[in-house]
Chemist: 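Here it is, the structure in full.
Naming: A, B, ... by sequence-line order, numbering from 1 per chain.
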2 protein chains.
Amino acid sequence: MRKGNETRERILDIAEAGVLAKGFGATSIDEIIAEAGITKSGFFYHFRDKNELARGLLSRYRGRLEQLLDEIFGRAAELSDDPLQRLLIGLTLFAEHMAAMPGGHPGCLVATMSYQDQLFNREVRGMVTSIVEGWNSFFRAMIEAIIVVYPLREPIDAGRLARHIACAIDGGIIMGKSLGDPTVLPEQMLMARNYVKLMFQPAALHALQREAVAA
Amino acid sequence: MRKGNETRERILDIAEAGVLAKGFGATSIDEIIAEAGITKSGFFYHFRDKNELARGLLSRYRGRLEQLLDEIFGRAAELSDDPLQRLLIGLTLFAEHMAAMPGGHPGCLVATMSYQDQLFNREVRGMVTSIVEGWNSFFRAMIEAIIVVYPLREPIDAGRLARHIACAIDGGIIMGKSLGDPTVLPEQMLMARNYVKLMFQPAALHALQREAVAA
DNA sequence: CTGAAAACCGTACCGCAGGTACAGCATTGG
DNA sequence: CCAATGCTGTACCTGCGGTACGGTTTTCAG
């Protein structure tokens, strides 16, 4: 009775590859079942419709990304006690991780679906929204921790800086896809990192520029 | 013989609204012709297939956005001779323009299509790429003009800063769409503006933070 | 070993979408 | 007036998402 879960995972694997490569709408069920070696009935045994497939994909994706973020920023926490350094180190590790992916980042499932959200029902759309909110909260929490330690004369808006990081990443994914250039994403992650650094360490500007040129 | 062009434009108008609201794949030809009051044959008289419709949409979109950018940054050029101020003013005007749009920004045709590029042929995909490259070049040229006047000890990479502006805008559009929050886009445009300011005027950090909080 | 649930297979069918083919009709500028 | 231009109408094809439903195999608990 665990064979069912194996098949379900195989369907999700094949579907995920298809969606990232071609988009959700262009990834047909016929195509998935052909590659999985099952029949249409088999597919609909596991997923009532394509919306449930989308939910399954998003659920897995969220879990994996959460795990990756935990690993990366957990490692950053090992390397420094300072909340600012943790964020900076984490973003660098994140960028390096993306740069190391063979063939570049495969694409963001959430961004893909967000731009095809008309294909889905409210439940799936709600999932997309909540995942994006989760990312924002994640970065926001880190920035708020920095603000506690780095009391500035004027408080900065943690929310918009957190959103900026997420926007830069999403935008980097899109632009990388549009230009066919896998270096754009890690580059823009580092740009976001440098923004954070500038916000909290204005004196470090020139050192930062040296870094940017060297990279 | 100009009636043909009128119909063609009407088709493009209806299609554009549909694509921005629901995505390209979910905007059916049947739906377009119903709203335009023509028949399927009439549609295919103007557009050989959906790819040609996409090309028509992108072509119009590129032209309009070019015009908008010219207007906004032309106005900025009237307001200041300084290349840095021109970019900063232009980005502020741009953000204000987006914020003023009723119901928020309708969405970026290029980003939409970039994430559904599997639906299109190489010609359309090439158009998407070249439009994105055009935006990058636009901002890059402005940044290079700034670098001439603001000679820094260490040169900064104009390309990646230009791409960052475009990424922040695209990311802002996506996040605004995902969260259903039209304020994200103008907010992130101003974040990009502040980044530029920080890169060239590190001393102005605290003034900038005051701005960010006031906004 | 057995029996019932789980995990499928096979077949047939439906509606919608994109697209093709082609004949014909109406308007309009030269 | 006549030839493009700008359509209409009809018929048809393919592929996709999805439904329905009966039959078969696999798996594990008792």
Side-chain angles (χ1 to χ4, degrees), chain A residues 1-19 21-58 112-113 115-125, chain B residues 1-58 112-113 116-125:
Chain A
M1 308 241 173
R2 73 165 164 279
K3 198 191 163 195
N5 260 328
E6 277 171 29
T7 304
R8 202 187 123 96
E9 286 298 307
R10 207 165 71 248
I11 291 173
L12 287 173
D13 285 339
I14 296 166
E16 184 169 337
V19 171
K22 311 178 301 174
F24 193 84
T27 304
S28 73
I29 295 176
D30 283 342
E31 178 192 328
I32 295 170
I33 63 178
E35 202 177 329
I38 57 172
T39 65
K40 218 168 187 179
S41 312
F43 175 88
F44 284 107
Y45 172 77
H46 289 285
F47 302 97
R48 213 184 307 157
D49 51 24
K50 251 193 152 187
N51 273 294
E52 209 171 298
L53 176 66
R55 265 172 38 206
L57 286 173
L58 283 176
T112 307
M113 294 193 178
Y115 253 107
Q116 306 188 328
D117 61 359
Q118 71 292 340
L119 297 173
F120 309 115
N121 59 25
R122 283 183 196 176
E123 205 176 345
V124 175
R125 266 175 273 183
Chain B
M1 309 238 175
R2 76 165 160 282
K3 197 192 162 196
N5 260 328
E6 277 171 29
T7 304
R8 201 188 124 95
E9 286 299 308
R10 206 166 70 247
I11 292 173
L12 286 173
D13 286 338
I14 295 166
E16 185 169 335
V19 171
L20 289 175
K22 310 179 301 172
F24 193 83
T27 304
S28 74
I29 295 175
D30 283 342
E31 177 191 327
I32 296 170
I33 63 178
E35 201 177 330
I38 58 173
T39 65
K40 218 168 187 179
S41 312
F43 175 87
F44 284 107
Y45 172 78
H46 289 286
F47 302 96
R48 213 184 305 156
D49 52 25
K50 250 191 152 187
N51 273 293
E52 209 170 299
L53 176 66
R55 266 171 39 206
L57 286 172
L58 283 176
T112 307
M113 293 194 180
Q116 306 188 324
D117 62 358
Q118 71 291 343
L119 297 172
F120 310 114
N121 60 24
R122 285 183 194 177
E123 204 176 344
V124 175
R125 266 176 273 184

Chemist: Quick one: which protein N/O atoms are closer than 3.5 Å to N/O atoms of nucleotides 12-19 of chain D? Pair and distance per line, please.
Modeler:
| residue | atom | partner | partner atom | Å |
| --- | --- | --- | --- | --- |
| dG17(D) | OP1 | K50(A) | NZ | 3.0 |
| dG17(D) | OP2 | I29(A) | N | 2.8 |
| dG17(D) | N7 | K40(A) | NZ | 3.3 |
| dG18(D) | OP2 | K50(A) | N | 3.0 |
| dG18(D) | N7 | K40(A) | NZ | 3.2 |
| dG18(D) | O6 | K40(A) | NZ | 3.3 |

Chemist: Measure the distance from CG on N121(B) to C1' on dG19(C) and round it to the nearest whole Å.
Modeler: 15 Å
Chemist: Measure the distance from CG on N5(B) to P on dT28(C) and round it to the nearest whole Å.
Modeler: 15 Å
Chemist: Just wondering, do N51(B) and E123(B) contact through their side chains at under 4.5 Å, heavy atoms?
Modeler: no
Chemist: Would one find a side-chain N or O of T7(B) under 4.0 angstrom from OP1 or OP2 of dC7(D)?
Modeler: yes
Chemist: Is there a side-chain contact between F47(A) and R8(A) (heavy atoms, below 4.5 Å)?
Modeler: yes
Chemist: Between P on dC8(C) and CZ on R8(A), what's the gap in Å once rounded to a whole number?
Modeler: 12 Å
Chemist: Of the nucleotides dT8(D), dG10(C), dG6(D), which one has an atom closest to the side chain of Y45(B)?
Modeler: dG6(D)
Chemist: Work out which heavy atom in F43(B) is nearest to a heavy atom in L53(B); give both atom names and the distance.
Modeler: CZ-CD2, 4.1 Å
Chemist: Are the side chain of D117(B) and the backbone N or O of F120(B) linked by a donor-acceptor pair below 3.5 Å?
Modeler: no
Chemist: Of the non-hydrogen atoms in T27(B) and A15(B), which two are nearest, and what is the gap between them?
Modeler: CG2-O, 4.3 Å
Chemist: Let's test your reading of the model: under 3.5 Å, does the base of dG10(C) pair with the side chain of S41(A) as donor and acceptor?
Modeler: yes
Chemist: Report yes if at least one side-chain N or O of H46(A) is closer than 4.0 Å to OP1 or OP2 of dA7(C); otherwise report no.
Modeler: no
Chemist: For F47(B) and dC7(D), what is the distance between atoms CZ and C1' respectively, to the nearest whole Å?
Modeler: 14 Å
Chemist: Taking Q116(B) for its side chain and F24(B) for its backbone only, find out whether a donor-acceptor pair lies under 3.5 Å.
Modeler: yes
Chemist: Quick one: I33(A) CD1 to dG10(C) P, roughly how many Å, whole number?
Modeler: 11 Å
